[in-house]
There are 2 protein chains.
Amino acid sequence: MKDVAAHAGVSAATVSRALSGGRAMNPEVQRRVQESARELGYQVNLLGRALRQQRLNIVGLMVPDLENPFFAALAEQLARTLRGNGFELLVSSAAGSVEIEAHGVQSFLGQQIHALVIIPCDELASADTLRLARERVPVVQYDRRVAAVDVPFVGCDNRAGMELLANHVRTADPAGDQVVFVGADATSSSGRERLEGFRREFPNAPALAGSFDVEWGYRAVGEIVAMGIESGTIVAAADVIALGVLTGLIGAGFRVPQDFRVVGFDGIGISQFVMPTLTTIRQPVERMSDAILELIREGVGGSESAAITLQPEFVSGASSPS
Amino acid sequence: MKDVAAHAGVSAATVSRALSGGRAMNPEVQRRVQESARELGYQVNLLGRALRQQRLNIVGLMVPDLENPFFAALAEQLARTLRGNGFELLVSSAAGSVEIEAHGVQSFLGQQIHALVIIPCDELASADTLRLARERVPVVQYDRRVAAVDVPFVGCDNRAGMELLANHVRTADPAGDQVVFVGADATSSSGRERLEGFRREFPNAPALAGSFDVEWGYRAVGEIVAMGIESGTIVAAADVIALGVLTGLIGAGFRVPQDFRVVGFDGIGISQFVMPTLTTIRQPVERMSDAILELIREGVGGSESAAITLQPEFVSGASSPS
DNA sequence: GTGAAAGCGCTAACAA
DNA sequence: TTGTTAGCGCTTTCAC
């Protein structure tokens, strides 16, 4: 920076003003400084700036698992939204572990990020991490909620989504054949709420519990067959699970949708193009990202934490390629 | 930090020593300082530390697209490897754009990251970004290579992988029925090398070009049908593409593997559990991550850039769930 | 409109 | 072994 100042024949303060562009100044001088900077290949040290300003214009996103394509899609969309508004998004994965999550959040905090967006790993065990983070920086919970901690939340209405799915299932199959729920772990709010939503609609249908990944859906088919069920509708708690279910069904020789109908939840990323007739519930990812941006801008001030629950929409199954 | 020093009755330098744990010191004092720190909820400001030390123990990973599950898998594995060795991995996505990639890399550099790992967007247009980064920090190219720039590379031998696939295809189908390649864009080295590998094995087979995503595989089925092909083996340049192909085939009423066999490439993440009979080539992700760690540790010093090309392995198609 | 100077939080060299 | 001091690169008063 000193070099640029010398090269342009001004002081370091002027270089700073010329490049950060905040205050009014002689445009001719500004141009000269910018040219010198380019010529010398100078690039501001964000650490120096952040140390002085006490904040970096970076938002951290902590996800439970990057290999879940729904989280990847959330990350991509959030990055897009923030990028258009002067922020950079950096993503870190907890790899399913509460300890790694805690450690990663600590690292984010140490870097003086502007805000933290977190999809908590565990409805209970992530609470301490959230409490800690909230003392230092604006925090938003995304998609999954730790209710015990007073931190704003943005997500979709999982129970309403299940209601939409249930209506579809009943319409498509008024005879009321077998319905099975292939759920995820109940240690996340989304998993629990979707199970509750399903139970309210189909109190007597069997519900299996697993995790949010393809493998579980694949294995669940074995369990369903073992129950003696050979046709019906399978409601998966997420599209990744539905994908595994479809794979398992076809591998086991069933026909879709003749033998089994499969519906999912999330409606995003890869699943949009997976298999025929995957009907799903689409989460309003753009609006959720916008809501997060808004919270971050406000600094997530009050002790009165917002809980922004947006409405998902029904998406009918894809047809085959022409 | 001053507060902790006062609380423990020592100087700031001692607090620093006690918490970063580098130098020898009175263990009793160290314990006291650590206790004070915990009591006051003190956490080091990594910015201050990095500013002083001129480096952060963070490695940046720039990927073309987080929604590609193969890249997500690479990111997860790299994070795991680095985490075990004192580094933190932060991920940023270029969202398919060279401009966003350049901007993200600039941001990483401004943060004084310890090293940059990059899966370049474009075999040509990413060159400037690589050159710029290499001036400031150790850089490793991963999976895709910009040959024009002298920056070390870690990846797998795509041509050898295609050879393995070809052997399988010929064995499974000695009659030699129709083989079609559903490729990706040739603006990435992996896309180009896999196409070349295919061409060398099947000089006369048709090869379609598209992109590394599910949607393209799905659409490719339409093109194949339009060519009048109604059975054979489809070689996809990546598992994500194979996934789309399978979806398209089944949606169009074909049977797999009776009418069409499908093989993929990458062998990682979601694709491991997708559909029956998806045979693929598995990239040695763990060994690739280890190689990257090694390069980062060495500081990627010499002007003689390494090109570490590891051997992939053949993975036969999955069977159905029991 | 611009420069001089102070200081963000930390650590490394040196002195005690 | 510990304290003192200087300074990493930047921005922001406060004078001019």
Side-chain angles (χ1 to χ4, degrees), chain A residues 1-37 40-58 86 88 106-114 135-137, chain B residues 1-37 40-58 86 88 106-114 135-137:
Chain A
M1 181 158 172
K2 269 187 213 154
D3 296 344
V4 175
H7 188 274
V10 296
S11 73
T14 300
V15 173
S16 170
R17 280 186 281 254
L19 298 179
S20 355
R23 322 292 289 161
M25 65 179 301
N26 186 331
E28 211 280 314
V29 175
Q30 174 157 21
R31 202 192 45 71
R32 211 169 67 225
V33 172
Q34 284 167 341
E35 185 147 339
S36 298
L40 302 182
Y42 167 78
Q43 206 204 325
V44 302
N45 181 325
L46 295 180
L47 261 42
R49 171 181 293 175
L51 187 58
R52 174 65 223 234
Q53 297 189 327
Q54 305 283 54
R55 64 169 33 181
L56 211 46
N57 70 336
I58 284 178
E88 199 81 25
Q106 292 268 8
S107 172
F108 269 142
L109 296 178
Q111 281 173 82
Q112 317 297 103
I113 54 166
H114 185 280
E135 301 301 321
R136 313 262 263 100
V137 80
Chain B
M1 181 159 171
K2 270 187 214 152
D3 296 344
V4 175
H7 188 274
V10 295
S11 74
T14 300
V15 173
S16 170
R17 281 186 281 255
L19 299 180
S20 0
R23 323 290 291 158
M25 65 180 300
N26 185 331
E28 209 281 311
V29 175
Q30 175 158 20
R31 202 194 45 70
R32 211 171 65 224
V33 171
Q34 284 168 342
E35 185 147 340
S36 298
L40 301 183
Y42 168 78
Q43 205 205 327
V44 303
N45 182 326
L46 296 180
L47 260 43
R49 172 181 290 176
L51 187 60
R52 175 64 226 232
Q53 299 190 326
Q54 304 284 52
R55 63 162 41 179
L56 211 46
N57 71 337
I58 285 178
E88 197 81 26
Q106 291 269 8
S107 172
F108 268 141
L109 296 178
Q111 279 173 84
Q112 316 299 101
I113 53 165
H114 184 282
E135 301 301 321
R136 312 262 261 103
V137 80

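Below, each value reflects all heavy atoms present in this structure, side chains not excepted, and no hydrogens, waters or symmetry copies.
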After noting the C-alpha distance and the side-chain angles of Glu88(B) and Ile58(B), does the key distance pass the side-chain contact (heavy atoms from CB on, under 4.5 Å) rule? CA-CA 5 Å; Glu88(B) 197 81 26; Ile58(B) 285 178; 3.9 Å; yes
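Considering Arg32(B), Gln30(B), Met25(B), Arg17(B) as possible partners of Val10(B), the one that fulfils the side-chain contact (heavy atoms from CB on, under 4.5 Å) test is Arg32(B).
Rounded to an integer number of Å, the gap from Leu19(A) CG to dT11(D) C1' is 12 Å. Going from atom NZ of Lys2(B) over to atom P of dT11(C) covers 15 Å, rounded to whole Å. Summarising the geometry, the separation between CG on Leu51(A) and P on dT12(D) is reported as 13 Å, rounded to the nearest angstrom. Here the C1' atom of nucleotide dC8(D) and the CD atom of Gln112(B) are 10 Å apart, to the nearest Å. In this structure, Glu28(B) atom CD and dT2(D) atom C1' are separated by 14 Å, rounded to whole Å. Atoms CG (Leu40(B)) and P (dG9(C)) sit 15 Å apart, rounded to a whole Å. Separating the CZ atom of Arg52(A) from the C1' atom of dT13(D) is a distance of 8 Å, rounded to the nearest angstrom. The CZ-C1' distance, from Arg136(A) to dG9(C), rounds to 12 Å in whole Å.
Checked against dC8(C), dA12(C), dC10(C), the side chain of Gln53(B) finds its nearest nucleotide in dA12(C). With dT12(D), dG9(C), dT11(C) as the choices, the nucleotide that has an atom nearest any side-chain atom of Arg49(B) turns out to be dT11(C). Among the nucleotides dT2(D), dT13(D), dC10(C), the one closest to any side-chain atom of Arg17(A) is dT13(D). For Met1(A), whose side chain is taken as the heavy atoms from C-beta onward, the closest listed nucleotide among dC10(D), dG9(D), dT2(C) is dC10(D).
Here the shortest heavy-atom pairing between Leu19(A) and Tyr42(A) reads CD1-CE2, 3.5 Å. Here the shortest heavy-atom pairing between Ser107(B) and Leu46(A) reads O-CD1, 3.6 Å.
In this structure, Asn45(B) does not reach the dC8(C) phosphate: none of its side-chain N or O atoms is under 4.0 Å from OP1 or OP2. Distances shorter than 4.0 Å separate none of the side-chain N or O atoms of Gln54(B) from OP1 or OP2 on dT11(C). At dG9(D), none of the side-chain N or O atoms of Ser16(A) fall inside 4.0 Å of OP1 or OP2 (strictly under the cut-off).
Near DNA chain D, meaning a heavy atom under 4.0 Å from it, residues 4-14 of chain B has Val10(B), Ser11(B), Ala13(B), Thr14(B) in order of number.
To the nearest 0.5 angstrom, Ser11(A) atom OG is 12.5 Å from Lys2(A) atom NZ. Rounding to the nearest 0.5 angstrom, the gap separating the NE2 atom in His7(B) from the CG atom in Leu40(B) is 5.0 Å.
A distance-only check finds no donor-acceptor pair linking the side chain of Gln112(A) to the backbone of Asn45(B) [under 3.5 Å].
Among the heavy atoms of the strands lying under 4.0 Å from Val44(B) are primed sugar atoms or P, OP1, OP2 only; no base atom is included.
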